[in-house]
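Remarks on the structure that follows.
Throughout, residue positions are numbered sequentially from 1 according to the sequence presented.
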Amino acid sequence: MRNRQICCCFTGHRPGKLPWGYNEADPRCLDLKRRLRDAVEAAYQEGFRHFICGMALGCDLYFAEAVLALRGRQQDVTLEAAIPCPTQADEWPEPDRRRYQALLAACDFETMVQDHYSPGCMQRRNRYMVDHSALLIAVYDGMPGGTRRTLEYAIRQGVSFVDLPPVGGRP
């Protein structure tokens, strides 16, 4: 098992909850990706070397790409895909499935949280990530949902967090 003190995980919104939806060329999305890269870099500077991503559409994939960019400059960085179930991406549009598969192939580790879909598998994945990390980076807009539940769980577990609202400033 990896040392939890050097592990950082991520939670964030899917495209449907982001102001720009799927338009990653939107200036607000580009700004978030920059802030996410900066947060990953700051985590690295603080000693975090292992990063865990839930591989959901939207912000999770932005996070994975930011970690892989850092790994391109820092050879001691590792990325773990925490997958809730084998069918996670099966219903996604084809371009999103290709992106997911490419990112998954670039990960250093893959953890399948359970072997089939169930209504609680996403929450189990999120708890797995928090339970194995000392830092959570969150793209959170203040609204109810899985990101909020993951952040609240991290707080209850005493895990430090960095909050990056989707659009600059506080939600």
Open item on the list: salt bridge (charged side-chain N to carboxylate O under 4.0 Å, His left out) for Arg14 and Asp60? Distances and angles first, verdict last.
Closed with: CA-CA 8 Å; Arg14 292 184 176 93; Asp60 281 24; over 6 Å; no
Task: Step-by-step side-chain contact (heavy atoms from CB on, under 4.5 Å) determination, Glu24 to Cys29 - done: CA-CA 6 Å; Glu24 293 184 38; Cys29 182; 3.9 Å; yes
- [ ] Kindly indicate, with the supporting measurements, whether the criterion side-chain contact (heavy atoms from CB on, under 4.5 Å) is fulfilled by Phe109 and Leu79.
- [x] CA-CA 6 Å; Phe109 303 95; Leu79 178 60; over 6 Å; no
Open item on the list: Before you tell me yes or no, could you show the steps for Arg34 and Leu30 under side-chain contact (heavy atoms from CB on, under 4.5 Å), namely the whole-Å CA-CA distance, both residues' side-chain angles and the distance that decides it to 0.1 Å?
Closed with: CA-CA 6 Å; Arg34 179 194 52 76; Leu30 297 173; over 6 Å; no
Identify each donor-acceptor pair in which a side-chain atom of residues 44-55 lies under 3.5 Å from a protein atom, sequence neighbours left out, and give them as a table.
residue: Tyr44; atom: OH; partner: Gln74; partner atom: OE1; Å: 3.0
residue: Tyr44; atom: OH; partner: Asp76; partner atom: OD1; Å: 2.8
residue: Tyr44; atom: OH; partner: Asp76; partner atom: OD2; Å: 3.3
residue: Gln45; atom: NE2; partner: Glu41; partner atom: OE2; Å: 2.7
residue: Arg49; atom: NE; partner: Asp76; partner atom: OD2; Å: 2.8
residue: Arg49; atom: NH1; partner: Tyr44; partner atom: O; Å: 2.6
residue: His50; atom: ND1; partner: Arg2; partner atom: NE; Å: 3.3
residue: His50; atom: ND1; partner: Thr78; partner atom: OG1; Å: 2.6
residue: His50; atom: NE2; partner: Arg2; partner atom: NE; Å: 2.8
residue: His50; atom: NE2; partner: Glu80; partner atom: OE1; Å: 2.7

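Follow the hydrophobic side-chain contacts under 4.5 Å out from Leu104 and you never reach Met129; the two are in separate clusters. If you chain together hydrophobic residues whose side chains sit under 4.5 Å apart, Leu70 and Val139 fall into the same group. Hydrophobic cluster membership is shared by Leu68 and Ile83, with clusters built from Ile, Leu, Val, Met, Phe, Trp and Tyr side chains linked at under 4.5 angstrom. Ile6 and Phe161 fall into different hydrophobic clusters, where Ile, Leu, Val, Met, Phe, Trp and Tyr are joined by side-chain heavy atoms under 4.5 Å apart, directly or via other members. Linking ILVMFWY side-chain heavy atoms closer than 4.5 Å, directly or via other members, places Tyr153 and Met122 in two distinct hydrophobic clusters.
A salt bridge is defined here as a Lys NZ or Arg NE, NH1 or NH2 lying under 4.0 Å from an Asp or Glu carboxylate O, and Arg4 with Asp131 fails to meet this definition. For the pair Glu65 and Arg99, the salt-bridge criterion is met [side-chain N within less than 4.0 Å of a carboxylate O].
Contact between Trp92 and Ala56 at its shortest, heavy atoms only, is CH2-C, 3.9 Å. Scanning both residues, Thr150 and Asn126, for their nearest heavy atoms gives OG1-ND2, 3.0 Å. Closest approach of Asp108 to Arg71, counting heavy atoms only: OD2-NH1, 2.9 Å. Taking both residues in full, the closest heavy atoms of Val40 and Ala66 are given as CG2-CB, 4.1 Å, listed atom of the first, atom of the second, then distance. When every heavy atom of Ala154 is checked against every heavy atom of Val130, the shortest pair comes out as CA-CG1, 3.7 Å. Shortest non-hydrogen contact noted between Leu32 and Pro165 is CD1-O, 4.1 Å.
Annotation: the span from Arg35 atom CZ to Asp31 atom CG amounts to 4.5 Å, rounded to 0.5 Å. Note that CG of Leu135 is 10.5 Å distant from CD of Gln5, once rounded to the nearest 0.5 Å. Between the OH atom of Tyr140 and the NZ atom of Lys17 there is a distance of 8.5 Å, given to the nearest 0.5 Å. With rounding to the nearest 0.5 angstrom, the SG atom of Cys59 is 12.0 Å from the CD1 atom of Ile137. Separating the SG atom in Cys85 from the CZ atom in Arg124 is a distance of 11.0 Å, to the nearest 0.5 Å. Remark: Lys33 NZ to Leu61 CG distance equals 9.5 Å, nearest 0.5 Å.
Other residues, nucleotides and ligands place no more than 12 heavy atoms under 6.0 Å from the CZ atom of Arg149. Enclosure of atom CD in Glu152 by more than 12 non-hydrogen atoms of other residues, nucleotides or ligands within 6.0 angstrom is indicated.
Ring geometry for Phe63 against Phe10 counts as parallel: the plane angle stays under 30°, on a 0 to 90° scale with 60° as the upper cut.
For the pair Thr147 (side chain) and Thr11 (backbone), a donor-acceptor distance under 3.5 Å is absent. Of the possible polar contacts, none joining the Gln157 side chain to the Val159 backbone as a donor-acceptor pair under 3.5 Å is found.
Side-chain contact between Tyr117 and Gln88 is absent, with no heavy atoms from C-beta onward closer than 4.5 Å. Counting heavy atoms from C-beta outward, Cys121 and Gln114 have side chains that approach closer than 4.5 Å. Side-chain contact between Pro19 and Asp141 is absent, with no heavy atoms from C-beta onward closer than 4.5 Å. Counting heavy atoms from C-beta outward, Trp20 and Pro166 have side chains that approach closer than 4.5 Å.
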